[in-house]
Structures are given as C-alpha cells and as structure tokens.
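The chains referred to below are lettered A, B, ... by the order of the sequence lines, with proteins before strands, and numbering in each begins at 1.
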Number of protein chains: 2
Amino acid sequence: MSIETDIKQPTFRNPYHRLIVNLMFTSNWVANAQMHLLKPYDLTLQQYNVLRILRGQYPNPVKVSDITERMLDKMSNASRLVDKLVLKKLVQRTECPSDRRAVDVVITSKGLDLLKKLDVVQADYEVELNNKLTDEEALQLSQLLDRLRR
Amino acid sequence: MSIETDIKQPTFRNPYHRLIVNLMFTSNWVANAQMHLLKPYDLTLQQYNVLRILRGQYPNPVKVSDITERMLDKMSNASRLVDKLVLKKLVQRTECPSDRRAVDVVITSKGLDLLKKLDVVQADYEVELNNKLTDEEALQLSQLLDRLRR
DNA sequence: GCAAATATAATGTTATTACATTTGATGTAA
DNA sequence: TTACATCAAATGTAATAACATTATATTTGC
C-alpha cells in the first residue's frame, strides 16, 4: 500500500515531504515487528543492538562510550542499557586497565547463545522482506538512504 | 557516508540485514533533526504529527480513534497527546454528538498559526534534502519503502 | 607540577512510551 | 427489554527516553 493510503493523507507538498513521512512510518513499522520478535526473549530493541555491537568485537571489549557512538539511537543511555544486560548476565563489565574512567564491556557466552537463537528468528524475518524486494532493490534502497544522510 | 562507516560495522549478513539497520539508523537521524527543529516551539514530533493530521481535515473534527489510526507511531497514546495540545490551546476537544463514546478534536487558530510558522522551518529542511537526492530519487526511495511494507 | 579544561560513566529527574485495565456508551442477539 | 459483547477514550503502571548534572580520571597549557 502506498504511504498515502497507509496514513490516509491524500497529498504531500513535495517528494521530500513524502519521503520524510514515509521513512519514519516505515521505520516504525519495522521497529515494531522487530520488537515483537524480541519480546519472547525479554530483550528490547536497544538491548539487542548493544549485544550485536559487542558480538561484532568479541572477544575484544568495547567501551561504553564506543557503544554510545555506534548505537542506532544515540540518545539512549548506554550505561543503563549495559546495567540491564549485566543483570541478565548477558554481558560482563570490567574497569578498563589503561583508563580508569572507561569501562570495558564484553558479551558473555550466555549472551552469544541468545544472539545465536535470535539469528534464526531474524533470518526468518529477512526472508519475508525477500518476498517484497529483490536483493538489488534492497541494496539500492540502502544506497539511497546512505545518500540521504550525506 | 555508507551505513557501514556510520555505525562502524564492516559487514552485514545480506542486503536485507543491511537494509533493516540502515532504515532504523536513517529514520532516527531524520527524527533527531526534526525534533531539534521543533524544540524551540516546544512541540514533540508526535504532537506535531497530530497537529498536521488535524490540519488535514480542518475545519472538520477528527476523532481520537482516527488520530491513533493515522499516527506514524501507533503505540503513542493519542488521548494523552491531545491532552497536552489542549493545555497549550492548540486544539479543542468536544464530545462527538452522534456517539457519546467518541471525542471530536479540532485544531484551533493558534494551532494553525503555529503550523504555518513550522511550514517554513520544514521547507528549509526539505531544501537540504534536495541537495542530496533529486526529486526522482526521493520518489523512487518512497516507492521502495512502500513496497517493503506490502 | 598544577590548575583548568576535557573526557567518561553514572545518576537524577521529568516526560513519554508501551502496554493493561477501567469506565462508560453502543451494538446485537435472544 | 436485557444480557453480553464490542467499542472509544481515559487512566494506571512500570519501563524507557531525553536530557542535565555529578563524580572521577585524564589531558593540556602554563
């Protein structure tokens, strides 16, 4: 369905106005779906993102400040997100030896196991997208989004 | 900059994985910019969206349930958003005569004036996007997003 | 070396979100 | 009509987000 039909707005001022609204609407739509996939595993989207950042560097530690920098939503509080993950024993927090201000965070094996399970769920979701856009179209869409942020 | 550089993740599993991450990152990027544009006017993005929905129907009233349906973020509480807007005298709330369960909401002239000011701000922002994507590309991007949600 | 500036994470606070529940009105079927 | 289900909005709530502030540690300029 076109964005006009989805939000019942007949016209937009120009293609950029339409794009902004469409982008936010579609992103909410995806985020919602992702949230519901994560719900049975008692993870929020942000917690999931942090875990994936940590897995990307495993077995190296990542500082809280690096997590903040790399999060999709910069404004979330990485410190408190890490708190939650520590409580669930999905990550481990240790003082950084070379800089006592910083805190090193590493994903635990429990965290890696959880991510492995979620990889399957995520792959299923990606297959659904595959039915809607070809690989080339998905790539093209990504490239246009990159250019929008330039 | 490509999404890989932006979030310092070297590779994605496939074009769909890359797309999902890119979509959320870009949407947050736009939402952040929009939020900062709205801040001097003491409006949240959601409140702004509600006002624009109401202007779209002006001078006809819109029910709270219709607002919920048409909001970009379905989960926000339209009832409480309307509350905030009533406090600022940007909208007016009256009992729907044909259905006493429902509530009619109409934008006030103060609300319309505010939106008019914001139209200028918004247009400036759209000009920035214009430097990054052509009209055709913006349209194409919108269409790909539409297809993603099909 | 030392004071000031900056960096890093944690914490405080208020508003908002994501639901669940409640209150009241309307529709529907016996 | 009278139950009973459904619908619309409001309200309760716990968690989270969006900042601002604080507490330490490090860096920089003198």
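Between A:R13 and B:E126 there is a salt bridge, with a side-chain nitrogen of the basic residue lying less than 4.0 Å from a carboxylate oxygen of the acidic one.
Rounded to an integer number of Å, the gap from B:I67 CD1 to D:dA10 P is 10 Å. Following rounding to the nearest Å, A:R80 (CZ) and C:dG12 (P) show an atom-to-atom distance of 8 Å. Following rounding to the nearest Å, A:D83 (CG) and C:dA9 (P) show an atom-to-atom distance of 13 Å. At whole-Å resolution of the value, CG in B:L38 and P in D:dA18 are 14 Å apart. Protein atom CG of A:L45 is 12 Å distant from nucleotide atom P of D:dT16, rounded to whole Å. In this entry the distance linking CG of B:L87 with P of C:dA15 reads 12 Å, nearest Å.
Considering only the side chain of B:V64, D:dA9 comes nearest among D:dC19, D:dA9, C:dC19. Distances from the side chain of A:N77 to the nucleotides C:dA18, D:dT11, C:dG12 place C:dG12 closest.
To the nearest 0.5 angstrom, A:R70 atom CZ is 9.0 Å from A:I67 atom CD1.
In terms of polar N and O atoms assigned as donor or acceptor, the side chain of B:R101 never comes within less than 3.5 Å of the base of C:dG27 in a complementary pairing.
In terms of modelled atom types and a separation under 3.5 Å, the side chain of A:K84 and the main chain of A:T44 share no donor-acceptor contact.
In terms of phosphate contacts, A:Q46 brings a side-chain nitrogen or oxygen within less than 4.0 Å of OP1 or OP2 of D:dA17.
Taking all atoms of both residues into account, the shortest heavy-atom contact from B:T108 to B:Q92 is CG2-N, 3.9 Å.
Of the two residues near DNA chain C, B:P97 and B:Q47, the one whose nearest nucleotide lies more 5' is B:Q47.
Across all strands, A:D99 comes closer than 4.0 Å only to sugar-phosphate atoms, never to a base (heavy-atom distances).
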